[in-house]
Structures are given as structure tokens and as C-alpha cells.
Amino acid sequence: MKDLLKQKISTVISELQLPEIEINFEKPKVEAHGDLTTNAAMLLAKVAKKNPRETAKAIVEKLSGAFPEISSIEIAGPGFINFKFSPSYFIEQSKEILRQGEHFGKSAAGAGKKTNVEWVSANPTGPLHSGHGRQVILGAAISKLLEWTGFDVTREYYFNNAGNQMRMLAESIYARYRQELGEDYPFPEEGYKGDYIVDIAKEIVKEKGDTLKQSDDEKLYFKKAGEEWCFTKIKETLERLGVRHDVFYNEDSLYATGKIQEVIEEFRKADLAYDAEGAVWFRATKFGAEKDRVIVKSSGEPTYRLPDIAYHREKFRRGFELIVDIFGADHIATIPDVLAGVEALGYKTDSVKVIIHQMVSFVNGDELIKMSKRNAKVFTLDDLIDLVGVDAVHYFFVMRSANTHLEFDIALAKEQSDKNPVYYLQYAHARIASILRHAVSEGFTPPDAGEYLRRTDFSLIKEKEEIDLLKILIELPEIIQSCALSFEPHRLTTYLKEAAESFHRFYHEHRVINDDKNLMQARLTLCLMAKIVIANGCKILGVSYPEKM
RNA sequence: GCACCCGUAGCUCAACUGGAUAGAGCGUUGGCCUCCGAAGCCAAAGGUUUCGGGUUCAAAUCCCGACGGGUGUACCA
């Protein structure tokens with residue numbers, strides 16, 4: 001409809017011999033301004049130097065009567081053209097909800113574009129902590145949104161089980177191991193202080209006794225054991241949240257296949273790398289960075305930048321047309337370097353979309369929860385799930401825009417009451433389910449979408465709250481698409497809340513179960529539509545949609 | 001110091017990416033269950049969108065400058 005209208009308006013504009021412009025529509029905030037509005041006349045006024053209201057008038061005259069679905073066209077304010085649609089238009093649209101059912105909301109806008117979403121990517125040096133939650137949830141929601149919008153999504157987790165961090169992990173475990181054996185063994189200054197290190201050490205003592213005490217070569221064993229323990233833990237946590245990755249990409253493979261060396265050589269050949277102070281430097285300044293960066297340390301080990309660059313090149317080589325990276329604000333420094341590197345290798349950075357989310361703080365009512373890295377008691381993501389449940393974790397981490405700081409109120413999230421926004425949504429779904437069950441007990445057929453579509457006399461839907469509900473329900477596909485294309489899942493939560501609200505208002509004003517069987521069927525159909533929309537939205541967010549609660 | 005993000009009701013945050021009268025939840029105050037789920041609905045109060053300039057028909061949104069908060073600024077990742 002929007003597209004048809006857009007076409008029509010642009011032909012009208014050329015008939016009026018006005019310059020060509022981009023026509024945008026918007027859904028007005030205020031109900032009195034209709035269902036759709038365009039600022040075309042105002043934009044024309046600017047280029048054609050004409051009075052916007054007069055221009056609007058000329059356009060409207062040519063438009064009137066062109067579409068039976070449009071019940072009125074008005075000119076308002078400085079020159080907005082407001083369109084109002086007839087109820088039958090919304091009713092017709094809403095039938096799609098029943099026809100598509102659990103697929104309603106999907107679109108093909110992504111056109112099967114090969115897409116890689118990389119997120120979490122925490123090295124296996126410990127369990128995921130609560131702050132990781134935002135990243136975990138954000139990436140899952142974005143992946144789901146892209147999938148629903150027709151992108152071909154590969155979910156990826158990049159990790160490094162070599163290097164400094166893992167060495168430190170091994171040393172930390174080793175020290176705890178010796179301590180477990182009753183020795184006064186020094187703990188490394190920069191070691192991992194979490195209690196889980198002690199747990200790992202205990203397990204090793206149980207299995208191997210003191211046989212690993214002497215030989216330094218055996219430290220390899222500690223690294224392996226630590227990695228395995230941590231990765232198992234991480235994967236269990238992701239599993240609990242229903243988050244799965246298709247590919248776990250190990251940085252090591254980049255060395256094994258010579259991809260790291262390849263990048264260095266190419267850089268050298270193009271004079272983008274040089275030796276200084278015993279290290280190899282990348283001329284990042286050539287690509288807008290503030291200073292050149294070391295890519296191979298004087299020790300001969302690459303810094304994290306080099307494999308990151310090689311890894312991103314591999315994403316291009318693997319044929320991904322859209323590359324999405326999700327990072328926390330604490331990793332922001334690496335981004336310009338990686339982008340510069342990719343550019344240096346001759347790839348366009350346009351197809352790389354980096355989502356940076358700000359940090360999270362946790363409060364419990366009024367009390368701020370302090371997170372210190374020195375603390376042995378880590379507040380893990382598992383702990384958070386135990387406290388507030390999977391649904392609240394999903395909903396709370398995604399309900400705010402990624403680029404603002406998030407305050408996670410644990411007291412609120414675990415409260416089983418109306419204060420908690422997760423319940424508002426779930427309650428609407430459970431309430432609808434209950435009504436449908438009730439109808440079945442009154443002798444109605446179980447809510448089968450196809451059956452409901454055939455049996456319903458849609459002309460009985462005419463109350464204001466009924467039409468308002470339909471209006472919002474049919475927006476789902478558009479909302480999903482725009483959330484996906486802007487990588488902003490939080491807007492879906494806002495929408496779902498509004499949809500639930502609209503349902504509650506309808507429910508409150510009109511009886512569904514009543515003596516008029518035909519009217520009852522029509523309203524049951526409305527309920528079923530609302531149920532489908534809420535359920536589909538919840539699916540994307542990873543929130544459950546209970547039949548009873 | 002420099003780079004990035006943010007500053008909106010008492011608190012936590014929205015605002016369709018430049019549109020019309022800036023909206024929700026919590027908290028506060030009041031109303032609504034003989035009837036399908038009151039985990040709900042309705043209403044009231046609460047604002048110079050941190051401040052100062054600019055851009056234009058139109059600015060919370062874009063630009064410049066202050067102030068305040070966060071995150072970075074490694075031959076750690």
C-alpha cells in the first residue's frame with residue numbers, strides 16, 4: 001500500500017511539473033493525524049520555492065479517489081498530507097497473520113545475503129561473567145532478527161587458546177594445584193583470582209594426585225585442563241540461554257594455515273609494515289589511525305591485532321557479504337586497527353558493521369553491586385540466571401538501546417509481579433490462551449488459524465479498540481525488518497509492550513465470550529491474532545510465552 | 001590531554017533516525033472485579049530534553065563550544 005501510494009504521488013508530482021524528490025512516509029504520533037503522513041509538500045516547497053500548503057492542496061486534488069482503501073486525505077500543520085485508511089483495509093491486512101501463523105513477521109528483505117555475526121568471543125579463561133550477558137543476548141537477538149528478515153546467518157564465536165591469557169590461566173591453576181597439595185607456593189601477580197581456579201585445581205588433584213608437581217613440561221596439561229573446563233562452562237551457560245553458535249573459530253588455525261604470515265608479507269610488499277625497535281609495525285596512520293601499531297612484538301609473538309586482521313580477511317574470503325561484529329565498549333580500541341588492516345588488504349569496510357554496546361551495571365533495588373576484578377567471588381552469568389531466570393535475562397539485556405549504559409535491576413527482574421515488564425508481555429499471552437481454552441470448553445473448535453479464517457465474519461470487527469489492535473498487530477513485519485536493518489532489537493520490546501497494551505485495552509472494553517456466537521468467533525479470531533504476534537515477537541527475543549502462569 | 005558513547009519527569013528509559021501537543025514503566029494520588037485471568041484497565045500530578053550559540057519551514061535528534069558521567073588510549077585481549 002505504501003509503495004503504491006509512493007508511486008502514485010511521484011507521478012502526480014511529475015504531472016504537476018514539480019521536481020523529483022524522495023517521498024517518505026511516517027506513522028504519525030498523534031491519532032488525529034491519521035494513519036500515514038508524508039512531508040513531501042514541504043520538501044517540494046524548499047526546492048520549488050512554493051507555498052507548501054498550496055503544493056499539498058494540488059497534490060491532494062489529484063489524489064482523491066485514487067485508492068478505495070483511503071477514507072480521507074487531509075492537509076495539516078505546515079503542509080503535512082495525512083492519510084486515513086478505512087477499517088476494511090486493516091482487516092484485509094490482518095488476515096495475513098492467520099495465513100502465515102508462526103511465520104508472520106518474516107520478510108525477504110535480506111535476500112539471502114550471506115551474513116556472519118560474531119559475538120561473545122570470550123577466551124576460555126573463566127566462566128562468562130554477568131556483564132557478558134548483554135553481549136550474549138544482543139547478538140542472539142540480532143542474529144534472529146536478521147534471519148527473520150531473510151539474511152543467511154552464520155553465528156560465530158572466535159577464540160584464542162594460545163597466547164598470554166591462556167598461559168596465565170595455566171600458571172594460576174598450577175599455583176592453586178601446588179597450594180592444594182599443601183605447599184606455600186606463590187600465586188602469580190597477574191593471575192586469575194576467581195574461586196573457579198581452585199575448583200579446577202582440586203579436580204586435578206583428585207585425578208592425578210601429586211604426579212604433576214615436578215616437571216615444567218606438564219604445565220601444558222594445566223592449560224589444556226583449564227581450557228576444557230572453562231569452555232565446557234561457557235557452552236553450558238550459552239545452552240541454558242538457548243544461544244547457539246554454528247562455528248567456533250580458533251585463532252590457532254590462522255597460524256597453522258599460514259594466514260598470519262601471509263598478512264605480514266603482503267603488508268611488507270605494499271610497504272605497509274616496517275621494522276623498528278625490534279618489532280614489526282603496521283602503518284595504521286595511512287588509514288586514519290592516530291598512530292602506527294605493533295603487529296609483531298620484539299619477542300616474535302604477534303599482538304592481538306594481527307590475527308584479528310587475518311581473521312576478518314578470512315570472513316571476506318569465506319564469502320560473507322555482511323560481517324557483523326559485536327563488541328563491548330571496553331574493546332573499542334581494536335576496531336579502528338582491524339578496519340584499517342582490512343582496508344589495507346584491499347577490502348571495503350562498508351560491509352563490516354560493528355555494534356558496540358556500552359557497559360552494564362547491576363543494582364539490587366537501591367544497592368549498587370560492585371564488580372571488581374580482584375575479587376575472588378565473580379558474579380557470573382550463571383549466577384544471574386539463577387537469580388532472575390532465563391526470560392528476564394533475555395528481556396532485560398535487550399530492552400535498552402545498545403549505545404547507552406544499561407542498569408540491570410536484579411530486584412526488579414526477579415520480582416514476580418506487575419512491576420516486572422517481562423510479565424506484562426507474558427501475561428497478555430497467557431490471558432489470551434486462557435480465553436481460547438475457555439471458548440473451547442464452551443463448544444468452540446480449538447483455535448486453528450485456517451479454521452478461524454474460514455469461520456470468521458470479519459465485518460463484525462468494528463469497535464475502536466478492535467481496529468486499534470489490528471492496526472498495531474499488522475505492523476510486526478515492518479518492525480522486525482527495521483529492527484534488523486538498524487541492528488536495534490530494543491525497539492522490538494517497545495513494540496511488543498504496545499501490542500500487549502492494545503490487547504489489554506480491547507479485552508477490558510469488550511467481552512469476547514458472549515451469547516452472540518458470530519461476534520464471539522470474530523473476537524476469538526482477534527485474540528488468536530494477538531497471540532500469534534506476541535508469540536512470534538517472544539521467539540525472536542528468546543523469551544518464553546506461557547499458556548498459563 | 002586525545003578518541004568513542006551518553007546526558008530527556010524524583011528513578012530507569014522510549015521517541016519510527018529532522019516532523020505536528022516529547023512518551024512509557026516504577027514511585028506518588030484517586031477510581032474500576034456478582035461477568036472471559038486485577039500479573040489487568042482508567043485518570044491525576046510530574047519537563048526550559050544539562051547549559052550557550054548556530055543550521056531551517058521544522059531540532060531531544062544535525063554542527064560548534066562549555067559542563068557532567070562512562071569506556072578506552074600497550075610490544076594485554
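Every heavy atom of this structure was used, including side-chain atoms; hydrogens, water molecules and symmetry mates were not.
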Q. Given B:C16, B:G40, B:G72, which nucleotide is nearest the side-chain atoms of A:E26?
A. B:C16

Q.
Could you tell me the Watson-Crick or G-U partner of B:A59, where both distances fall under 3.5 Å? Say none if there is no partner.
A. none

Q: Have a look at A:D337 and say if it touches a base, only the backbone sugar-phosphate, or nothing, with a 4.0 Å heavy-atom cut-off.
A: nothing

Q) Now, which nucleotide makes the Watson-Crick or G-U wobble pair with B:G1, with each of the two distances under 3.5 Å? A) B:U73

Q) Would you say A:N364's side chain and A:I410's backbone share a donor-acceptor pair under 3.5 angstrom? A) no

Q. Side-chain N or O of A:K297 less than 4.0 angstrom from OP1 or OP2 on B:C76?
A. yes

Q) Is the shortest side-chain N/O distance from A:N39 to OP1 or OP2 of B:G19 below 4.0 Å? A) no

Q.
Measure CZ/A:F503 against P/B:A39 and give the value in whole Å, please.
A. 14 Å

Q: Would you indicate which nucleotide in B:C41, B:G37, B:C5 comes nearest to any side-chain atom of A:Q358?
A: B:C5

Q: If the plane angle is over 60° it's perpendicular, under 30° parallel, otherwise tilted; pick one for A:F231 and A:Y157.
A: tilted

Q: Describe the nucleic acid contact of A:L406 in one word from base, sugar-phosphate, nothing, applying a heavy-atom distance below 4.0 Å.
A: sugar-phosphate

**Q.** Nearest-angstrom distance from the residue atom CZ of A:R293 to P of B:C75
**A.** 7 Å

Q: Could you please name the option among B:A77, B:C75, B:C13 that lies closest to any side-chain atom of A:Q165?
A: B:A77

Q: Quick one: sort the A:F282 and A:F267 rings into parallel, tilted or perpendicular, breaks at 30° and 60°.
A: parallel

**Q.** Between B:C13 (P) and A:E407 (CD): distance, integer Å
**A.** 5 Å

Q: Consider the side chain of A:T334, meaning its heavy atoms from C-beta on, and name the nucleotide among B:C36, B:A77, B:C75 that approaches it most closely.
A: B:A77

Q) A:E498 near the nucleic acid: base, sugar-phosphate alone, or nothing, with a heavy-atom cut-off under 4.0 Å? A) nothing

Q | Which nucleotide in B:G37, B:C16, B:C42 has an atom nearest any side-chain atom of A:K29 | A | B:C16

Q: Under 4.0 Å between any heavy atoms, over every strand shown, what does A:A428 touch: base, sugar-phosphate, or nothing? Just pick one.
A: nothing

Q. Does A:F80 lie flat on the base of B:A20, that is, centres under 5.5 Å apart and planes under 30° off?
A. yes

Q: Provide, to the nearest angstrom, the distance between the OH atom belonging to A:Y395 and the P atom belonging to B:U12.
A: 18 Å

Q: Would you mind telling me which of B:G19, B:A77, B:C41 lies closest to the side-chain atoms of A:T303?
A: B:A77

Q) B:A77, B:C6, B:C35: which one has an atom nearest the side-chain heavy atoms of A:R511? A) B:C35

Q) Would you say the side chain of A:S298 and the base of B:C75 hold a donor-acceptor pair, judged only by whether the two atoms sit under 3.5 Å apart? A) yes

Q | Pair A:N420, A:E415: side-chain N/O donor-acceptor within cut-off below 3.5 Å | A | no

Q: Please state whether the phosphate of B:C16, meaning OP1 or OP2, lies under 4.0 angstrom from any side-chain nitrogen or oxygen of A:H490.
A: no

Q. Is a side-chain N or O of A:R523 found less than 3.5 angstrom from the main chain of A:R511, in a donor-acceptor match?
A. yes

Q | Rounded interatomic separation in angstrom, taking CD from A:Q135 and P from B:U71 | A | 17 Å

Q: Look at the side chain of A:N403 and decide which nucleotide, out of B:C75, B:C6, B:A38, has an atom nearest to it.
A: B:C6

Q: Could you tell me whether the phosphate oxygens of B:C42, OP1 or OP2, come under 4.0 Å of any side-chain nitrogen or oxygen in A:R505?
A: yes

Q) With both distances kept under 3.5 Å, what pairs with B:G7, Watson-Crick or G-U wobble? A) B:C67

(Q) Which nucleotide, if any, forms a Watson-Crick or G-U wobble pair with B:G37, using both distances under 3.5 Å? (A) none

**Q.** Distance, rounded to the nearest Å, where A:Y423 contributes OH and B:C41 contributes C1'
**A.** 21 Å

Q: May I ask which nucleotide in the shown strands pairs with B:A24, Watson-Crick or G-U wobble, both distances under 3.5 Å?
A: B:U12

(Q) Measuring to OP1 and OP2 of B:A77, would you say a side-chain N or O of A:Y158 lies under 4.0 angstrom away? (A) no

Q: May I have the distance from A:E501 (atom CD) to B:A24 (atom C1'), rounded to whole angstrom?
A: 8 Å

Q. What is the nucleic acid contact for A:K497, judged by heavy atoms within less than 4.0 Å: base, sugar-phosphate only, or nothing?
A. sugar-phosphate

Q. NA contact type, A:V30, heavy-atom cut-off 4.0 Å: base, sugar-phosphate, or nothing?
A. nothing

Q: Mind checking A:E547 for me? I need base, sugar-phosphate or nothing, with any heavy atom below 4.0 Å counting as a touch.
A: base

Q | B:U49 pairs with, by Watson-Crick or G-U criteria that keep both distances under 3.5 Å | A | none

(Q) Could you check whether any side-chain N or O of A:Y158 sits under 3.5 Å from a backbone N or O of A:W119, counting only pairs where one atom can act as donor and the other as acceptor? (A) no

Q. With sugar-phosphate meaning primed atoms plus P, OP1 and OP2, does A:S482 contact a base, only sugar-phosphate, or nothing at under 4.0 Å between heavy atoms?
A. nothing

Q) Taking the side chain of A:Y424 as heavy atoms from C-beta outward, which of B:C41, B:U71, B:A77 is closest to it? A) B:C41

**Q.** Nearest-angstrom distance from the residue atom CD1 of A:I332 to P of B:C76
**A.** 21 Å

Q.
Under a 3.5 Å cutoff, is there a donor and acceptor pairing between the side chains of A:S544 and A:Q426?
A. yes

**Q.** Selection from B:G27, B:A15, B:A77 that lies nearest to any side-chain heavy atom of A:K419
**A.** B:G27

**Q.** Assigned glycosidic conformation for B:C67 [threshold 90° from 0]
**A.** anti

Q.
Checking A:H504 against A:R431: is there a side-chain donor and acceptor pair closer than 3.5 Å?
A. yes

Q) Using a cut-off of 4.0 Å on non-hydrogen atoms, how would the nucleic acid contact of A:S401 be classed: base, sugar-phosphate, or nothing? A) sugar-phosphate

